[in-house]
Amino acid sequence: MKHHSIEILAHQELTEADLGELRQLFDSEYLKEFGEWDPQQPYGYASHDVHVMARIEGRVVGHVGWARREIAVGTEIVAIAGVGGVLISADARGMRLGGELMGWAEQSMRDRGHLAFGYLGCREQVVPFYASCGWHRIYAREKSIGRNGESVVDEPGPPILIRPIAPLEPWPEGDINLRGRAW
């Protein structure tokens with residue numbers, strides 16, 4: 001296995017070279033289906049405050065991004081880290097980098113404090129990966145701003161996963177309003 005390094009950078013700390021590496025990583029996977037990657041609104045989703053990146057020989061081969069946001073769940077306001085942009089380059093898959101990056105992302109959420117949960121939505125096929133990283137599926141109606149800028153309400157069913165960051169804080173009951181775009 002090739003040696004890799006992990007970097008955790010705030011969005012404003014990314015250099016032009018970092019942005020170019022991230023663009024290359026994302027466009028290699030998504031360019032045909034979604035067009036060019038935009039760091040301010042990747043594929044119509046919310047941007048990230050924090051980027052956790054894996055590099056091999058200087059090249060970004062893995063990424064997990066997250067952003068702090070206060071969302072409404074039922075009658076409560078919950079501070080979450082919305083997770084997105086989880087991707088490992090095709091030539092670095094099978095090295096267990098995804099799980100390692102998720103662990104580093106979770107630690108960075110704890111280090112920055114004032115977050116109750118990690119939160120993400122995903123495709124059904126990748127739920128087992130997130131579950132293996134300690135994330136738990138919940139079922140709730142979710143309201144957000146869609147990739148096209150319009151309000152969207154998803155009935156319970158599509159995968160929503162959470163990861164407790166603040167010890168002993170229970171996830172509230174009720175509908176979820178992301179108060180913005182999903183990640």
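Only this structure's heavy atoms are used, side chains among them; waters, hydrogens and symmetry mates stay out. If you read the sequence from its start, that first residue is 1, and numbering goes on from there.
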Are there more than 12 heavy atoms of other residues, nucleotides or ligands under 6.0 Å from atom CD of E33?
-> no

Do W183 and I160 share a hydrophobic cluster (ILVMFWY, side-chain heavy atoms under 4.5 Å, transitive)?
-> yes

Donor-acceptor side-chain pairing of S108 and W66 below 3.5 angstrom | yes

Closest heavy-atom contact between H48 and G85?
-> NE2-N, 3.9 Å

Between I71 and L120, is there a shared hydrophobic cluster once you connect ILVMFWY residues whose side-chain heavy atoms come closer than 4.5 Å?
-> no

For residues 110-119, tabulate all N or O donor-acceptor pairs below 3.5 Å that involve a side-chain atom, not counting sequence neighbours.
residue	atom	partner	partner atom	Å
R110	NH1	E106	OE2	2.6
R110	NH2	E106	OE2	3.3
R110	NH2	P164	O	3.4
D111	OD1	Q107	NE2	2.8
Y119	OH	E142	OE2	2.4

Please work out whether the ring planes of H63 and F26 are parallel, tilted or perpendicular, with thresholds of 30° and 60°.
-> perpendicular

Measure centre to centre between the rings of Y130 and H136, then say whether the value is under 6.0 Å.
-> no

Least distance between heavy atoms, D154 atom then V152 atom = OD1-CG1, 4.0 Å

Show your reasoning for whether side chain to side chain contact (heavy atoms under 4.5 Å, CB included) applies to I80 and I165.
-> CA-CA 9 Å; I80 56 121; I165 301 301; over 6 Å; no

Side-chain heavy-atom pair V153, D175 within 4.5 angstrom cut-off = no

Would you say Y45 and V83 are hydrophobically clustered, going by side-chain heavy atoms of ILVMFWY under 4.5 Å?
-> no

Point-to-point distance, once rounded to the nearest 0.5 Å, from CH2 of W37 to OG of S28 | 12.0 Å

Hey, are the side chains of E36 and D27 touching, using non-hydrogen atoms and a 4.5 Å cut-off?
-> yes

Give the minimum heavy-atom separation between P42 and S47, together with the two atoms involved.
-> CD-CA, 3.9 Å

What is the minimum heavy-atom distance between V127 and C122, and which atoms define it?
-> CG2-SG, 3.8 Å

Expected output: side-chain R69 to main-chain L178 donor-acceptor under 3.5 Å = yes

Using modelled atom types only, decide if a donor and an acceptor are shared between the side chain of R181 and the backbone of G146 within a distance under 3.5 Å.
-> yes

Enter the distance from S144:OG to R179:CZ here, rounded to the nearest 0.5 Å.
-> 14.0 Å

Output the distance between atom CG (L97) and atom CD1 (I6), rounded to the nearest 0.5 Å.
-> 6.0 Å

More than 12 foreign heavy atoms under 6.0 Å from CD of E155: is that the case here?
-> yes

Y30 vs Y43 aromatic rings, parallel, tilted or perpendicular, using cut-offs 30° and 60°?
-> perpendicular

Do I176 and R141 touch side chain to side chain, with heavy atoms closer than 4.5 Å?
-> no

Determine yes or no for a side-chain-to-main-chain donor-acceptor pair under 3.5 angstrom, with D49 supplying the side chain and R68 the backbone.
-> yes

May I ask you to test the V86-L101 pair for a side-chain heavy-atom distance under 4.5 Å?
-> no

Would you sort out whether R55 and E7 count as a salt bridge (charged side-chain N to carboxylate O under 4.0 Å, His left out), showing the intermediate values?
-> CA-CA 8 Å; R55 292 182 188 268; E7 279 181 293; 2.4 Å; yes

Cluster question for you: counting only ILVMFWY and a side-chain heavy-atom cut-off of under 4.5 Å, with indirect links fine, are M95 and L87 together?
-> no

Would D18 and R23 pass as an ion pair if we require N to O under 4.0 Å?
-> no

Shared hydrophobic cluster, I138 / V73 (ILVMFWY, side-chain heavy atoms < 4.5 Å) | yes

Provide the closest heavy-atom pair for I88 versus G98 in the form atom of the first, atom of the second, distance.
-> CD1-N, 3.7 Å

List the steps, then state whether side-chain hydrogen bond (donor to acceptor under 3.5 Å, both in side chains) holds for E100 with H4.
-> CA-CA 11 Å; E100 184 179 351; H4 65 277; 2.8 Å; yes

Check A92 against V61 and note the closest heavy-atom contact, atom names and distance.
-> CB-CB, 3.8 Å

Is it the case that more than 12 heavy atoms not belonging to W171 sit under 6.0 Å from its CH2 atom?
-> yes

Verdict with reasoning, V64 to M102, per side chain to side chain contact (heavy atoms under 4.5 Å, CB included) = CA-CA 7 Å; V64 174; M102 290 300 290; 3.8 Å; yes

Is the closest side-chain heavy-atom distance between R59 and D91 below 4.5 Å?
-> yes

Hey, what do you get for OG1 (T75) to CD (E173), rounding to the nearest 0.5 Å?
-> 10.5 Å

